[in-house]
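In what follows, a structure is listed as structure tokens, so that the remarks can point back to it.
Values below: every heavy atom of this structure, side chains too, minus hydrogens, waters and symmetry copies.
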Amino acid sequence: MSKVAEMGLYNYLVSKNIPGVKEKSAFHTLRKGTSLYGAPQRFTDIYEIISGAVKLGRLSPKGKECVYEIVTPGEFFGNLAFLPDAPFNEFSKTLTATEIRSYDLNFLKHLMTHDPEVAELFYGKIVERWNKTESLLFYIRSYEPRKRIEMLQEAMHKKIMTAVNKEVYLDKIISLQDMADLTATTRQLVADTLHSEL
């Protein structure tokens, strides 16, 4: 395990006396349901989840939320802006009381190109997110709707700690509609499937 992965990004940067780390990062405690950013906001900070969970998604043309990912402690999110002309239409909203650390985008991009350990951390985090997305797409294409719901419920049945030191199971804090979005099904089918498992 690399030093930055072992210590955590912020502690690693502080230990290396990186200039500007305290000015270019901030710690936030957010209530459940807090929006960090939303479309059409083009540029964001980069956020690291310390505790809690955040849902990411897009708005439909009619303004309805459509969730495509749940991020949890240790994950990073926000617009890295590697594709300068690509639209960024994402929204983010906390699912629990959540602690995050925000980093200035340009500061973090500078670190990624000048510190090999920071670069290694972020390349790994990007690949983890790609893998999560590819797995979700694979499940949608490979399994029947009820099986997808069961598999998601099983994958989400893990404990996380919230910002108020409360342990919760991830599958208990996401809505039926969020589960439907993540499995390309309907809220009604999710409710029926989960009810029949009881």
Side-chain angles (χ1 to χ4, degrees), residues 1-2 4-10 12-13 25 28 30 34-39 41-59 65-96 98-113 115-143 148 151-161 170-171 173-175 178-184:
M1 177 182 288
S2 73
V4 67
E6 187 178 303
M7 296 177 73
L9 179 60
Y10 182 77
Y12 170 79
L13 297 175
S25 65
H28 310 273
L30 307 168
T34 301
S35 178
L36 283 110
Y37 57 82
Q41 189 173 338
R42 178 88 172 103
F43 297 102
T44 69
D45 285 338
I46 301 303
Y47 301 95
E48 176 185 17
I49 300 183
I50 309 302
S51 66
V54 173
K55 64 180 175 179
L56 305 176
R58 284 192 172 190
L59 296 178
E65 287 184 359
C66 181
V67 174
Y68 54 68
E69 188 172 7
I70 306 294
V71 288
T72 57
E75 292 187 277
F76 291 80
F77 64 100
N79 186 7
L80 282 170
F82 285 138
L83 306 172
D85 297 329
F88 184 73
N89 296 313
E90 185 172 87
F91 74 83
S92 63
K93 190 179 287 185
T94 58
L95 289 167
T96 67
T98 301
E99 294 173 313
I100 61 165
R101 187 172 309 281
S102 61
Y103 297 91
D104 175 78
L105 174 62
N106 292 325
F107 173 71
L108 208 51
K109 285 175 98 170
H110 174 81
L111 290 172
M112 289 171 68
T113 57
D115 187 314
E117 291 213 42
V118 173
E120 181 182 346
L121 172 77
F122 271 92
Y123 294 144
K125 295 294 182 181
I126 289 168
V127 170
E128 284 176 14
R129 297 265 313 270
W130 278 343
N131 182 56
K132 194 162 62 164
T133 300
E134 288 173 350
S135 296
L136 191 60
L137 291 171
F138 172 76
Y139 295 148
I140 288 170
R141 293 287 297 145
S142 301
Y143 296 99
R148 295 194 304 255
M151 291 173 75
L152 179 66
Q153 197 272 333
E154 185 178 310
M156 294 277 179
H157 191 72
K158 63 181 182 180
K159 284 183 186 176
I160 62 165
M161 188 67 72
L170 199 50
D171 63 320
I173 61 170
I174 63 174
S175 71
D178 293 344
M179 287 189 84
D181 291 346
L182 292 166
T183 55

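Side-chain atoms of L9 and L108, non-hydrogen and from C-beta on, do get closer than 4.5 Å to each other. Between I160 and I173, the closest side-chain pair of non-hydrogen atoms falls below 4.5 Å. With contacts defined as side-chain heavy-atom distances shorter than 4.5 Å, the pair R129/F76 does not qualify. Looking at heavy atoms from C-beta onward, E65 lies in side-chain contact with K93 at the 4.5 angstrom threshold. When side chains are defined from C-beta on, T34 does not count as touching T98, because their heavy atoms never get closer than 4.5 Å. Using a 4.5 Å heavy-atom cutoff, the side chains of P73 and M161 are not in contact. At least one side-chain heavy atom of L95 sits under 4.5 Å from a side-chain heavy atom of I174. A heavy-atom distance below 4.5 Å is found between the side chains of T72 and K158.
Ring orientation note: the planes of Y47 and Y37 are close to parallel, at an angle under 30° on the 30°/60° scale.
Across C66 and D181, no two heavy atoms sit closer than the pair CA-OD2, 3.4 Å. Of all heavy-atom pairs between T96 and G52, the closest is OG1-CA, 3.2 Å.
Taking CD1 of I140 as the reference point, atom OG of S135 lies at 11.0 Å (rounded to 0.5 Å). Distance check, rounded to the nearest 0.5 Å: CG of N131 to CD1 of I126 gives 13.5 Å. Distance check, rounded to the nearest 0.5 Å: CD of Q153 to CG of L182 gives 13.0 Å. To the nearest 0.5 angstrom, H28 atom NE2 is 12.0 Å from E99 atom CD. Taking CD of E75 as the start and CD of E69 as the end, the distance is 6.0 Å to the nearest 0.5 Å. Between K159 atom NZ and D171 atom CG the span is 12.0 Å, to the nearest 0.5 Å.
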Run the side-chain contact (heavy atoms from CB on, under 4.5 Å) test on Y103 and L13 for me, step by step, so that the C-alpha distance in whole Å, both residues' side-chain angles and the decisive distance to 0.1 Å come before the verdict. CA-CA 12 Å; Y103 297 91; L13 297 175; 4.3 Å; yes

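No side-chain donor-acceptor contact under 3.5 Å links S142 to the backbone of Y139. Under a 3.5 Å cut-off, the side chain of R148 and the backbone N or O of A184 do form a donor-acceptor pair.
Heavy atoms from other residues, nucleotides or ligands lying under 6.0 Å from OH of Y68 number more than 12.
Test T44, V71, I100, L56 against S92 for side-chain contact (heavy atoms from CB on, under 4.5 Å) and you get one pass: L56. T183 pairs with exactly one of L136, D178, L152 by the side-chain contact (heavy atoms from CB on, under 4.5 Å) rule, that one being L152.
Under 4.0 Å is where a charged nitrogen must lie from a carboxylate oxygen, and between K125 and E48 no such pair does.
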